[in-house]
Amino acid sequence: MLEIKNLNVHYGGIHALRGIHIDIPENKIITLIGANGAGKSTTLRSIMGLTKSSEGSIQYQGESLLKYKTKDIVEKGIVLVPEGRRIFPNLTVEENLILGAYSRKDKAGIAKDMERVYELFPRLKERSWQKAGTMSGGEQQMLAVGRGLMSKPKLLMMDEPSLGLAPLLVKEIFSIIKEIHRQGVTILLIEQNAKASLEIADYGYVLETGSIVLEGKGKDLLTNEEVKKAYLGEA
Ligand code: ATP
C-alpha cells in the first residue's frame with residue numbers, strides 16, 4: 001500500500017533520516033520504534049508532506065506522494081494523529097470530530113462515521129457537548145484518534161498514542177487500535193511503548209539515529225535480545 005525507499009531528510013546540518021526503507025502492506029499493523037530523536041516523527045511528517053525530503057521515494061497505491069500537498073494526501077486516505085493530542089480546546093468534542101471530516105462532502109457517510117466513533121469511544125458520546133480542553137488527557141487522546149477516523153482513512157498513522165496515559169488507558173487505546181484495524185484500516189504506529197506496540201504489530205522496524213537497524217515480525221522482535229535490552233528494559 002505504501003512503500004518508502006531510500007528516504008533522506010535533512011534539517012539544516014542535521015541528517016535526520018538516512019536512507020530508510022519501510023513497507024506498509026494493506027490491512028497490516030506496522031510499528032516503528034526507537035528512542036527520542038531517532039527520526040520517527042520525521043518519517044510520519046514526510047509521508048504527510050509536512051517535511052521535505054532530499055532523496056528517496058514514497059509510493060502510495062502505485063504513485064509517488066512527494067508531489068502532493070498535505071491536504072491532497074489526506075484526501076487520498078492517509079491521516080496522521082499527531083503526538084500531543086492537538087485538539088481544538090475551545091471547541092466541543094462534537095465540533096472537533098466534525099472538523100476531522102472537513103475534506104468530505106458525503107453527509108450521510110459523515111453521520112455514519114460519527115456513530116462509529118461514538119461506538120468505539122462511548123466516553124466521547126457522553127461528553128459530546130463538553131469543551132475539548134476540559135477533557136482529561138486520556139479523553140483528549142481518544143478524541144484525537146476519533147477525529148482522525150472522521151476523515152475515513154485507509155492508512156491511519158499514530159504518533160505515540162499511549163504517551164502520558166495511565167496503564168489502564170494504555171491497554172484501552174491498544175485494544176481500540178486493534179478494533180480499528182479489524183474494521184479494515186491499515187495502521188502505522190509509532191511508539192516508545194515498544195512492548196505494547198510489538199505485541200499488536202504484524203511487522204516492526206527499529207529506528208536509531210535516522211537508520212533502520214533492525215526489522216522483523218512483531219513477535220520475533222519481542223524476543224530479540226537487542227530489542228529486549230534497548231527497548232523493553234530487560235537485561
Ligand atoms: P521523539 O520520540 O522524541 O519524538 P523522534 O524519533 O520522533 O523523537 P524526530 O522528531 O523525527 O525524532 O527528530 C529526529 C531528529 O531531527 C532529531 O535530532 C531532531 O532534533 C531533529 N529535528 C526534528 N525536527 C527538526 C526541525 N524542524 N529542525 C531541526 N531539527 C529537527
Side-chain angles (χ1 to χ4, degrees), residues 2-24 29-58 60 65-66 69-71 73-74 78-87 137-138 140-141 144-145 147-148 153 155-167 169-170 173-174 177 186-201 203-216 218 221-222 224 226-233:
L2 188 128
E3 195 174 11
I4 297 177
K5 276 192 187 155
N6 190 31
L7 190 69
N8 282 271
V9 171
H10 292 84
Y11 295 113
I14 299 169
H15 197 174
L17 289 182
R18 302 165 181 251
I20 65 165
H21 291 68
I22 292 178
D23 187 20
I24 305 174
I29 301 182
I30 305 298
T31 189
L32 186 56
I33 61 176
N36 288 116
K40 304 182 299 295
S41 303
T42 300
T43 306
L44 296 190
R45 291 178 55 82
S46 304
I47 295 171
M48 288 314 297
L50 293 163
T51 294
K52 277 234 163 320
S53 52
S54 50
E55 200 186 337
S57 69
I58 304 177
Y60 174 68
L65 280 188
L66 296 178
K69 296 207 166 78
T70 303
K71 127 180 183 307
I73 294 172
V74 172
I78 304 182
V79 156
L80 171 61
V81 178
E83 189 180 337
R85 316 153 184 161
R86 297 207 200 111
I87 44 123
Q140 290 186 26
Q141 183 63 53
V145 176
R147 191 182 54 189
L155 172 61
L156 180 67
M157 308 196 293
M158 284 181 264
D159 197 349
E160 311 244 3
S162 78
L163 194 71
L165 299 186
L169 271 184
V170 172
I173 202 100
F174 277 96
I177 294 169
T186 307
I187 309 251
L188 176 58
L189 179 61
I190 290 206
E191 265 295 342
Q192 292 212 25
N193 190 336
K195 185 164 185 293
S197 58
L198 288 173
E199 273 169 359
I200 66 165
Y203 202 83
Y205 293 88
V206 181
L207 196 57
E208 266 175 27
T209 52
S211 304
I212 303 285
V213 293
L214 206 59
E215 62 178 277
L221 289 180
L222 269 176
N224 178 290
E226 284 167 60
V227 173
K228 276 182 168 172
K229 257 194 224 144
Y231 300 101
L232 303 176

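Counting starts at 1 for both ligands and their atoms, following the listed order.
No more than 12 heavy atoms of other residues, nucleotides or ligands shown are found within 6.0 angstrom of CD on E226.
Remark: minimum distance from atom 2 (O) of ligand 1 to any protein heavy atom is reached at K40 NZ, 2.8 Å. Scanning the protein for heavy atoms near atom 18 (O) of ligand 1, the closest one is G37 O, 4.0 Å. In this structure, the protein non-hydrogen atom closest to atom 23 (C) of ligand 1 is Y11 CE1, 3.2 Å. Nearest non-hydrogen protein atom to atom 11 (O) of ligand 1 is T42 OG1, 2.5 Å. For atom 10 (O) of ligand 1, the closest non-hydrogen atom on the protein side is S41 CB, 3.7 Å. Here the protein heavy atom with the shortest distance to atom 12 (O) of ligand 1 is G39 N, 3.2 Å. The shortest contact between atom 20 (O) of ligand 1 and any protein heavy atom is with I14 CD1, 4.9 Å.
Across every non-hydrogen atom of K40 and A35, the tightest pair is NZ-O, 2.9 Å. Heavy atoms only, all atoms of each residue included: Y231 and G34 are closest at CE2-CA, 3.8 Å. When all heavy atoms are compared, the tightest approach of S46 to L17 is OG-CD1, 4.2 Å.
At under 3.5 Å, not a single nitrogen or oxygen of A16, backbone or side chain, sits near a nitrogen or oxygen of ligand 1.
Proximity of atom 31 (C) of ligand 1 to the protein is indicated by at least one non-hydrogen atom lying closer than 4.0 angstrom.
One distance of note links CG of L44 with CE of M158; it measures 10.5 Å at 0.5 Å rounding. To the nearest 0.5 angstrom, R147 atom CZ is 10.5 Å from Q140 atom CD. Here CD1 of I78 is found 4.5 Å from CG of L65. Values are rounded to the nearest 0.5 Å. Here the CG-OG distance, from N6 to S57, works out to 8.0 Å after rounding to the nearest 0.5 Å. Note: I29 CD1 to I24 CD1 = 12.0 Å, rounded to the nearest 0.5 Å. Atom CG of L32 sits about 7.0 Å away from atom CD1 of I20, to the nearest 0.5 Å.
If you look at R45 next to ligand 1, there are no close heavy atoms at all, none under 4.0 Å.
Residue contacts with ligand 1 do not include G34, since none of its heavy atoms lies under 4.0 Å from the ligand. Under a 4.0 angstrom heavy-atom cut-off, G12 registers as lying outside contact with ligand 1.
Atoms of ligand 1 lying under 4.0 Å from at least one heavy atom of A38, given by number and element, are 5 (P), 6 (O), 12 (O). Near Q192, meaning under 4.0 Å from one of its heavy atoms, ligand 1 places the atoms 2 (O). Atoms of ligand 1 lying under 4.0 Å from any heavy atom of A35, numbered from 1 in the order shown and given with element: 6 (O). Below 4.0 Å from some heavy atom of E160 lie the following atoms of ligand 1, by number and element: 2 (O).
Compare T51, D159, N36 by their heavy atoms: the one nearest to atom 1 (P) of ligand 1 is in N36.
Of the possible donor and acceptor atoms, none in the side chain of T31 sits under 3.5 Å from a partner among the backbone N and O of L198.
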